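Written below as structure tokens is the structure these notes are about.
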Amino acid sequence: MLTRRQLLWTGAGIGLAGVLAACGNGGQTGPAAVSASGSAAEQPRTGGTLRVGALGRASAVTRDPHGTQTNESDYLIISLLYDTLTVPGETSNTAPRLAGAWKASEDLKTWRFTIADGAAFHDGTPVTADDVVWSLKRLRATPAGASRLPGIQPSGITAEDAKTVVLVSDYPNADLPLLTRLTTFVLKKDTKDDALATAPGTGPFKLDWFRDGNARLVRNDNWYGGKVYLDAIEVRIFESPQAMANALLAGQIDVASNVGAVAARTAESRQDIQILRRPNDMAMPIVMRTADGPFADPKVREALRLAVDREAMVKQVLSGYGTVANDVLGTGDPAYAKDLPQRTRDLAKAKSLLAEAGFDLSKTYDLVTTEDISGLAESATLFATQVGEAGVKINVVKQDSAVFWDKTWLKAPLYTTYWGTNDSVVFFASKTMLSDAGQNEAGWKEPAFDEAYREAMATADTAKRSEALRKLQQIEYEKSGYLLWGMADGIDLAGSAVRGLPKLPGYGRVQLEKAWLAR
């Protein structure tokens, strides 16, 4: 599975998650904000080691690019060592990486990806279509493989020649290249599982050493993607945003990645710290199971949506570093339906709907959460207080991350989740809401939604596609199991010498190949 932290970086993501477009200046604020991306007068400097902090737990470390990555630190390391076929773009949803070009058949079912010129593994071996096919089939064979490559069966992954990979979808899919951005890491064909720790990648950095979730990566001078400025990147694992922020403030690291709003508030008075803010970067919805259980009735789900004070959630949970949302995932997508009526708090109507549904107000219902990211558990606690005013009694249960993702996610009647990317409407639909989605978080099966998705994917005509996507979002707004109360801003802290950090939101921030140090 790809996780919340990944896109959940869950492409899922995973979130440092396929993303849509650049956010202008990256939403940077603070006294040293300009320096993060570098002023026009500054020229990139070669050399130096960038020390990057990322969230993770030593007990959950993985070295497998196609494995379950619950650590942002793991995903960051893997993304610097191994390239995916495509990446989030500065000016478009999808930009070339290991795939230098792609082209679809007229029916949008068959896509041909051409390997980028000069693409090679760290040992100098050229990347071939056979390597890509083997890697994609390995990815497809994982437990979450159907979600990572939706609509693509193993038999539909073939090599046409040494440079061309053919993907055949079960249905027309106008957005298939977008879905290859986050987890399609390419390994050498026939790499053994016990050799993953030292397997050569194709990325801008090569592995120097790895210990207990921490790693040192050195520049790949022969990277096909262009000049890399840093001599090395050291990734350091931290179990909490607070510990990571403290390390940054003490000068022990140069970048604290995805550190959260509380740390940003702490750093606001520091003239030597840059605050990089990516507006509306992370979704932290509450999931209500629709397939069965106490929240299967649409009236109950609507009641809970109306019982929430979204402004208060953003103000208290996110310290104002975020915006109110409207229960539709993908708010950064140009196709996002901004014309849907914004839900606001209406306790009277919420109580009426609960009564109509015959909802048992005498019972107490568990809301399961984790402390994986800053504000997640706090959002559960405030939600419980707010819906309590509508008569719904909620008991917040905090679980260890490993237990949550293994036992609770995709199964519990009521739980929090998070996606570390503000990706496209189509991305979330394919990953989490289609009836056959491998990561269908609410167990939602809605034929009209499935039909609207297929309709949108079957046309390259912008107007027709927009109409279908509008219909899809209307259905999600009315019937899905998501209560998306707000979007959190992504927050990175950086030292004053850091330049060239990615401007992209979500997990586009792992693209550190153009970062440099002005010292």
Side-chain angles (χ1 to χ4, degrees), residues 4-5 9 15-16 26-33 35-36 48-61 70-77 210-217 230 232-278 281-282 284 316-322 369-379 398 400-401 418 420 488-499 501-502 509-510 512 515 517-519:
R4 281 347 68 194
R5 254 188 204 138
W9 290 55
L16 297 157
Q28 299 165 28
T29 62
S35 298
T49 296
L50 184 71
R51 302 164 300 169
V52 181
L55 294 172
R57 296 179 185 276
S59 60
V61 167
T70 58
N71 287 340
E72 286 196 5
S73 53
D74 289 336
Y75 188 78
L76 173 58
I77 293 166
F210 184 96
R211 290 192 285 274
D212 300 322
N214 303 291
R216 177 179 170 85
L217 315 174
L230 294 166
I233 292 179
E234 291 183 1
V235 178
R236 301 186 184 180
I237 188 172
F238 290 89
E239 291 200 354
S240 72
Q242 180 180 354
M244 182 166 55
N246 289 341
L248 185 284
L249 296 174
Q252 297 168 0
I253 57 176
D254 303 303
V255 177
S257 180
N258 199 25
V259 75
V262 173
R265 293 293 185 203
T266 302
E268 283 178 347
S269 62
R270 290 282 296 264
Q271 296 299 309
D272 59 334
I273 301 298
Q274 304 174 65
I275 301 174
L276 292 92
R277 183 173 180 175
R278 297 178 302 279
D281 199 37
M282 179 177 292
M284 295 194 293
Q316 296 180 46
V317 174
L318 305 178
S319 298
Y321 280 81
T369 188
T370 72
E371 294 181 309
D372 278 8
I373 60 168
S374 177
L376 193 63
E378 291 81 358
S379 73
K398 296 180 184 179
D400 175 78
S401 180
Y418 69 96
D489 292 346
I491 305 293
D492 293 344
L493 301 182
S496 59
V498 179
R499 305 286 190 273
L501 291 178
R509 68 181 178 273
V510 302
L512 296 175
L517 294 170
R519 63 184 181 200

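From a predicted model like this one, the values you see are computed outputs, not experimental measurements. All values below come from the heavy atoms of this structure, side chains included, with hydrogens, waters and symmetry mates left out.
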(message) Counting C-beta onward and ignoring hydrogens, is there a side-chain heavy-atom pair between I237 and D212 closer than 4.5 Å?
(response) no

(request) Check Q252 against R236 and note the closest heavy-atom contact, atom names and distance. (result) O-NH1, 2.9 Å

(message) Side chains of R57 and N71, heavy atoms from C-beta outward: is any pair under 4.5 Å?
(response) yes

(message) With rounding to the nearest 0.5 angstrom, report the CG to CD1 distance, L50 to I233.
(response) 5.5 Å

(message) Exactly one of P241, S240, S73 should register a side chain to side chain contact (heavy atoms under 4.5 Å, CB included) with L55. Which one does?
(response) P241

(request) Can you see which heavy atom on T70 is nearest to which on A60, and at what distance? (result) OG1-CB, 3.4 Å

(message) As an exercise, state the distance from OG of S257 to CG of L512, rounded to the nearest 0.5 Å.
(response) 8.0 Å

(request) Identify the heavy atoms of E371 and A377 that sit nearest to each other, and give their distance. (result) CG-CB, 3.9 Å

(message) Run T370 and D400 through side chain to side chain contact (heavy atoms under 4.5 Å, CB included) and show every step you take.
(response) CA-CA 6 Å; T370 72; D400 175 78; over 6 Å; no

(message) Just verifying a value: how many Å separate L276 CG and N258 CG, rounded to the nearest 0.5 Å?
(response) 12.0 Å

(message) Can you confirm whether more than 12 heavy atoms, excluding those of E378, are under 6.0 Å from its CD atom?
(response) yes

(message) For a side chain to side chain contact (heavy atoms under 4.5 Å, CB included) check, start with the C-alpha distance between Q242 and V262, then their side-chain angles and the critical distance, and finish with the verdict.
(response) CA-CA 8 Å; Q242 180 180 354; V262 173; over 6 Å; no

(request) Please examine the side chains of Q274 and L501, heavy atoms only from C-beta on, and report whether any two atoms are closer than 4.5 Å. (result) no

(request) Check I491 against A264 and note the closest heavy-atom contact, atom names and distance. (result) CG2-CB, 3.6 Å

(message) To the nearest 0.5 Å, what is the distance between CG on L230 and CZ on R499?
(response) 12.5 Å

(message) For the CD1 atom of I77 and the CG atom of N214, what is their distance to the nearest 0.5 Å?
(response) 7.5 Å

(request) Could you tell me which non-hydrogen atom of A256 sits nearest to which non-hydrogen atom of M244, and how far apart they are? (result) CB-CG, 3.7 Å

(request) Quick one: pull up CZ in R51 and CG in L517 and give me the separation to the nearest 0.5 Å. (result) 9.0 Å

(message) Are L493 and R270 packed together at the side-chain level, in the sense that at least one heavy-atom pair is separated by less than 4.5 angstrom?
(response) no

(request) Could you pull out the closest heavy-atom pair between A245 and V259, with the gap in Å? (result) CB-CG2, 3.8 Å

